[in-house]
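Here the structure comes first, spelled out in structure tokens, and everything after it is commentary.
Counting starts at 1 for both ligands and their atoms, in listed order. As the structure is a computational prediction, the values presented were derived from the model and not from experiment.
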Amino acid sequence: MTSDAASFIAFSGEHLDAAMRLSQQVRWPHRREDWQMALALSQGCVAVAADGRVIGTVLMTPYGDDAGTINMVIVDAAERGRGLGRRLMQQAMTLAGDRRLQLVATDDGLPLYQTLGFRRSGEIVQHQGHLAAAVAPPEAVRAATFDDMAAMTALDVAAFGSDRGALIAHIASLGAFAVLERQGRAAGFAAQRRFGRGLVIGPVVAFDLDDAKALVAHFLAGRQGDFIRVDTGVDTGLAPWLTSLGLAHVGGGIVMHRPAADDTRRRTPTSFALASQAFG
Ligand SMILES: CC(C)(COP(=O)(O)OP(=O)(O)OC[C@H]1O[C@@H](n2cnc3c(N)ncnc32)[C@H](O)[C@@H]1OP(=O)(O)O)[C@@H](O)C(=O)NCCC(=O)NCCS
């Protein structure tokens, strides 16, 4: 089938079961709830074959009017190499309008994204496993409250570069946040929620590596044996510590921007862990 024989329609809740089948086919760990969260925060498109099967997905998650991510780009294995991936990406870029776009590329997606004008700006590593060590709860970190939301969102804007307030609020409705305090002010935060095979810790925003470790440790305390995932930048310094705790390096991806990021230096505060590969 050429991509001309497929139709492209808005991604809605009725496509979630088919989307689950596609992500299972590529061995991504997303549960239905994980797709639901992505869809709730995004606009998207599915490719539908002439017989009605959903054979491709893409989501564009907007962060205000100026930025967004493209994620969940999947084409059914039997339908690849016929232009569907390119057309799904074009649909997502149309949804994005003038927004600056970010994505995390797999090896499969990289050549396509390059031809669409995305340029490499970094690399992330995925660490996960059953927590092997007993981690002590750090004193400087406490559970966040509603009153911390504004400060945490401001830290996230400074670290990520655009306003992910809707994402932060959505994670807060599903999971837990923690704050690291200095002189009575929030100097870093971390979030934890259920995702895939277990728990994901991220985003983690802090001014230095020790603070980032303390924020992660807050959520690791009492979790020995639990399945935990953390996606971190290759150069944040967090990866060796995660490995030492039994959270092995199992993969990763290339961070790309369109247009190319003009400044790839580390921001302060720094994003030490992603909310997910989909959301950055
Ligand atoms: C990435 C993916 C969506 C591409 O879908 P697709 O329908 O095969 O893509 P297309 O047929 O539109 O091909 C897109 C372009 O990439 C090129 N391409 C695809 N795979 C390639 C590869 N392994 N090496 C080199 N080029 C490749 C094609 O030649 C094509 O270029 P062209 O339009 O100039 O001819 C699909 O491989 C997939 O679902 N992979 C598994 C999930 C995944 O990794 N998604 C990406 C997440 S970031």
### Message
I'd like the contact residues of ligand 1, where contact means a heavy atom below 4.0 Å.
### Response
Val26, Trp28, Val73, Ile74, Val75, Arg80, Gly81, Arg82, Gly83, Leu84, Gly85, Arg86, Val104, Ala105, Thr106, Asp108, Gly109, Pro111, Leu112, Tyr113
### Query
Listed by chain and number, what are the side-chain hydrogen bond (donor to acceptor under 3.5 Å, both in side chains) partners of Gln126, not counting sequence neighbours?
Gln128, Arg229, Gln277
### Message
Under a 3.5 Å threshold, yes or no: a donor from one side chain and an acceptor from the other, between Thr69 and Asn71?
### Response
yes
### Query
Looking only at heavy atoms, what is the nearest atom pair of His170 and Ala40, with distance?
CE1-CB, 3.8 Å
Can you give each donor-acceptor pair under 3.5 Å made by side-chain atoms of residues 132-141, sequence neighbours left out, with the distance rounded to 0.1 Å?
none

### Query
Should we say atom CG of Asp262 is surrounded by more than 12 heavy atoms from elsewhere, each under 6.0 Å from it?
no
### Query
Who are the side-chain contact (heavy atoms from CB on, under 4.5 Å) partners of Thr243, not counting sequence neighbours?
His127
